[in-house]
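Reminder, nothing fancy here: chain letters follow the sequence lines and each chain counts from 1.
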There are 2 protein chains.
Amino acid sequence: MSTLKDIGAELGLSVATVSRALNGFPEVSAKTRARVRDAALRLGYQPNRIAQRLVTGRSGMVGMIVRIQPDMSADPSFFETLTGLTAALAARDVDLVLAVDRDDDPVAPYARMLEKGMLDGFVLNAPVPDDPRVAFLRTRGIPFVLHGQTTGPADYPFYDIDNATVSGDQVSLLTALGHRRLALLNGEARLAYAAERARGFRAALASEGLAPVAVIDGTEAPPESFGYTEALALLTGRHGPRPTAILCATTLIAAGVLRAARDLRLAVPADLSVMAHDDGLPRNAGSTPGQTLSVTRAPLREACVPLANALVDRVGGVPVEKLQTLVRASVVVGDSTGPAPLL
Amino acid sequence: MSTLKDIGAELGLSVATVSRALNGFPEVSAKTRARVRDAALRLGYQPNRIAQRLVTGRSGMVGMIVRIQPDMSADPSFFETLTGLTAALAARDVDLVLAVDRDDDPVAPYARMLEKGMLDGFVLNAPVPDDPRVAFLRTRGIPFVLHGQTTGPADYPFYDIDNATVSGDQVSLLTALGHRRLALLNGEARLAYAAERARGFRAALASEGLAPVAVIDGTEAPPESFGYTEALALLTGRHGPRPTAILCATTLIAAGVLRAARDLRLAVPADLSVMAHDDGLPRNAGSTPGQTLSVTRAPLREACVPLANALVDRVGGVPVEKLQTLVRASVVVGDSTGPAPLL
DNA sequence: GACTGTCTTCAAAACGTTTTGAGCACGTTG
DNA sequence: CAACGTGCTCAAAACGTTTTGAAGACAGTC
C-alpha cells in the first residue's frame, strides 16, 4: 500500500501538493497534476479511508437496521432495496453497515450503533405513522433519510411515492369504467404507506359520492393467502354487497384475489375487476399466466439512487427541503380491469 | 465527545497513562486506574474507533457478500446467519459490512471491497466445491472463515457440520428399522454440503450392501414443491421400485414429501418413513400439524458465535489449525420414521 | 530597482489513538 | 554511599490524511 508520502518522495513533491493534486484543487498546475496522477496510478495508490476519516470527522459509513419479523423472514422488498442502496452508496464512496434486530424497542438498535460513533447517518425503511425513530434521530441531530414518510410535518429528507394518489388513480380508473362498489385489500395497518393508501381510497370514493365496500388491513400472513382468504369473504358477500372491483396493495395480494375468483368461477374482468400496486419486483409477477394485471407501478429499484444521494447530501449539509422527493406512480392498464358488470 | 486528552487534563495525567489505564496494562497503579475509569465514566468517554484503527492498522470491519439468486430472493438461512453474526461480531467489537451482488464472477465483489482497504477479513457462506473465492482470498493473504467447507485440504478456518455423517446417521437409523430402499432428496448440487450429504448417503448404504433408489439434486424451485414433485415421482415408481424411506436435505423438502404421501394416501410412517435435516429455523417447522419429523438437528444459530470468533481470531493471528470446527448433528427421533413395511 | 500581485508549492498542525523509550521516585542491596 | 532494581508516569513518535498559513518564483507596473 503506497501513501501520499511515497508519491511525494517519488516526484520530489510535498504530501500537501500531492493531496491537492489528487483531490482536484485548482491551485495546482496542470503539469504537476498530471505527473501526480500518473505516479499514483503507477504505484497503485489507494487513499487510506481510515486516515481520511480521522481528519474529516466523517466515517463514510451509514447504517440501516432491518427488523426481523416474528416469522423470521424479512420484508420481501428488503433485498431489492439493499442491493440498490449498497450500489448507489458505493458510487458516493459510502459503505452500508447493516444491523439486524429483533428488539422490542424500535430505537434501541439505533442508539446502540450510534454510541460507537462510527456512523454518519441512517436509512430508515418501512416507516410507521408517527415513527419513534424519527423523533429519536431528530433530537440527536443525526442525519437520516426515510424511504417513505411518517405522519406529521416532513422535516426530514425522504423519497416516497404519493400513496394517496396511488389509490386515487386506481379509483378514478375504475369509477370511469362504471364501478360503484370497490374494496381495498390494504397493506399492514401499522405501516404508514397503508394509512395513506386507505386515506386516498376513501377520499377518492367520497369525491364521487361513494362509500367503500370494505377496507381490509393486511396481516402478517403470506400476502397471497391473505388476498385469497379476504377475496373469498368479499366475493361471497360476507362484507355486504359483493364488490365489482378489488384494489390490492401488492401484486402478491392480487394473485390471491385472482385465485379466489377462479375458484368461485368469476371471470376477470367480466365479473370482477382487479387492480394492484406493483413495486416492480420480478418475483411478484407472472404467477397468473395469461392475465396481465392493471396496476399502478413504481419500481422499488428507482428509489435507491435518490435515497442514497439524499442521505449523503444531508450528511454533507445540504438543507432538508432540497432532499424531499415525492413521485407519482404510473398507471399501467392490463386486462384485469374492465367495465363494471350490469347488476 | 470527550477524548483521552480531556481525561488526562482533568486528572493531570498524560494521554499515555490514561490509554494504558483504560486498556488494562499492568504497569499502571490501581489507584490511578480507578481514578481514570471513574473520570472516563463521568465524561462519557467513548474511544474513537477511527483513530484506534489508524494506529493499529486494522479496520475493525469484516465483510460478507451475499449473492442474489436468480429469483431475487436470498438464501432462506441468510437472515438467521446475519442476525447471529452481527451480534457475535459486535461482542468482539467488530462490525459487519454487507454487500449484495449479482455478479457473474464470484470473486469480483470481493476484489472490489478489498481494493478500498477497509476490511480485515471475510465470512464466506454457501461454499461450492473447489470454491474460487477461497483460492482468491488465499493468494491475497486475506483472512477469512467458511461457513461450511469446500473440497480439497481445509487450510482455512471453518465451522461446519459433518454432512457425510448426517446422511450416515439417517441411514443407520432407517436400516436399523429394516428399510432397504432409500432415496435422498438432496440440496442443490452446486453446493458443497450437498455433495457431502450424497457421498455419506452412498457410503453408508454401501457399507450395508445396499444401493440407493435415487439421489435427486435440489433445484432452484421452492423446496416444498421440489419435495412434493419428486416424492410423487419416487412413490409412483418412476425411479424404479418405490422407496420405503425418503431422506430430505431440509425440513421444507420433507413438508413437500409429507404432502405427496397424503395425496397418495400413504401413511407415514406405516407405509413410508421420512427423515430430514433440521437447521432449527422456526419457519421451517410446524407446517405438518400432528406430525413431528425425525431429524438430524444442527441449529444454524449455533454456528454464528464460533464463526465470528474464528474470523476475529484469525485476523488476530491465531493459526488456522486452531480455528476449525466440525460438529456432529444430533439425531432426534420423531414419529415420521418407523419399521419398514412388509413387502 | 522596489512594489504589487498571481501562481504554485511547502512545512507544519491537526485528528485521537497506541506504543516506544526514557525518566523519576523510591526502596533495597552491597 | 553507591549501585541497582522496581513501580509508575511521561513526552514524543507514529499511523495517513486534510487544511492552514506562509513563502518562493516570476511577471508586470511604477
Side-chain angles (χ1 to χ4, degrees), chain A residues 1-37 39-40 43-61 93-95 115-120 315-317, chain B residues 1-37 39-40 43-61 93-95 115-120 315-317:
Chain A
M1 274 288 142
S2 57
T3 70
L4 288 184
K5 209 198 294 191
D6 297 334
I7 300 181
E10 175 100 354
L11 264 40
L13 290 171
S14 73
V15 291
T17 306
V18 176
S19 170
R20 322 195 84 133
L22 290 175
N23 290 324
F25 279 60
E27 63 266 49
V28 54
S29 74
K31 197 180 65 183
T32 305
R33 190 189 305 280
R35 286 206 306 147
V36 170
R37 286 240 172 91
L43 297 178
Y45 171 75
Q46 289 289 133
N48 181 321
R49 310 275 291 270
I50 304 268
Q52 276 180 330
R53 287 158 190 186
L54 178 58
V55 63
T56 59
R58 300 252 172 74
S59 74
M61 294 187 281
D93 238 19
V94 168
D95 288 315
E115 73 184 12
K116 297 200 284 186
M118 286 294 291
L119 296 180
D120 295 339
V315 170
Chain B
M1 272 289 142
S2 57
T3 70
L4 287 185
K5 209 199 294 192
D6 296 335
I7 299 181
E10 175 99 355
L11 264 42
L13 290 172
S14 72
V15 290
T17 306
V18 176
S19 172
R20 324 195 81 131
L22 290 175
N23 290 324
F25 280 60
E27 63 266 51
V28 56
S29 75
K31 197 182 64 182
T32 306
R33 189 187 306 279
R35 285 206 306 147
V36 170
R37 286 238 172 91
L43 298 177
Y45 171 75
Q46 289 288 132
N48 181 322
R49 310 275 291 270
I50 304 267
Q52 276 180 331
R53 286 158 191 186
L54 178 59
V55 64
T56 58
R58 301 251 171 74
S59 75
M61 293 187 282
D93 239 18
V94 168
D95 288 315
E115 74 185 10
K116 297 199 284 183
M118 285 294 291
L119 296 181
D120 295 339
V315 170

- So which heavy atom on B/V28 is nearest to which on B/R20, and how close?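 So the minimum-distance heavy-atom pair works out to CG1-O, 4.3 Å.
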
- Message: Could you report the tightest heavy-atom contact between B/L4 and B/S19, atom names first, then the distance?
- Response: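 B/L4 and B/S19 have their closest heavy atoms at CD1-CB, 3.8 Å.
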
Using atom names, set out every protein N or O paired with an N or O of nucleotides 5-7 of chain C below 3.5 Å, distance rounded to 0.1 Å.
none

Side chains of [X] and [Y]: closer than 4.5 Å at any heavy-atom pair?
X      : Y     : answer
A/M118 : B/R53 : yes
A/L22  : A/Y45 : yes
A/V36  : A/L11 : yes
B/D95  : B/R49 : yes

- Message: So if I take residues 12-26 of chain B and measure heavy-atom distances to DNA chain D, which residues fall below 4.0 Å?
- Response: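 B/G12, B/L13, B/S14, B/A16, B/T17, B/R20 - these, ordered by number, are the residues of the stretch whose heavy atoms sit under 4.0 Å from the strand.
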
- Message: Please list, in numerical order, the residues of residues 51-59 of chain B that have a heavy atom closer than 4.0 Å to any atom of DNA chain D.
- Response: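 Correct list: B/L54, B/V55.
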
- Gap separating the CZ atom of B/R37 from the CD1 atom of B/I7, nearest 0.5 angstrom: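 It is 11.5 Å, given to the nearest 0.5 Å.
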
- Could you tell me the separation between the CE atom of A/M61 and the CD1 atom of B/I50, rounded to the nearest 0.5 Å?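 Answer rounded to 0.5 Å: 5.5 Å.
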
- Item | First and last nucleotide of DNA chain D, 5' to 3', lying under 4.0 Å from heavy atoms of chain B |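 First and last nucleotides in contact are D/dC8 to D/dG16.
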
- Would you say the side-chain atoms of A/T56 pair up with the backbone N or O of A/Q52, donor to acceptor, closer than 3.5 Å?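 Side chain of A/T56 to backbone of A/Q52: a pair is present.
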
- May I ask you to decide if A/S59's main-chain N or O and A/D120's side chain share a donor-acceptor pair within less than 3.5 Å?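 Yes, the answer is positive, given that a donor and an acceptor are paired below the 3.5 Å cut-off.
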
- What residues form a salt bridge (charged side-chain N to carboxylate O under 4.0 Å, His left out) with B/R33, not counting sequence neighbours?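 By the salt bridge (charged side-chain N to carboxylate O under 4.0 Å, His left out) rule, B/R33 matches no residue at all.
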
- Item | End axis versus end axis in the helix from C/dG1-D/dC30 to C/dG30-D/dC1, the angle rounded to 10°, five pairs used at each terminus |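 End-to-end axis angle for the helix from C/dG1-D/dC30 to C/dG30-D/dC1: 80°, rounded to 10°.
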
- Let me see the working for B/N48 and B/T3 under side chain to side chain contact (heavy atoms under 4.5 Å, CB included), right down to the final yes or no. CA-CA 8 Å; B/N48 181 322; B/T3 70; over 6 Å; no

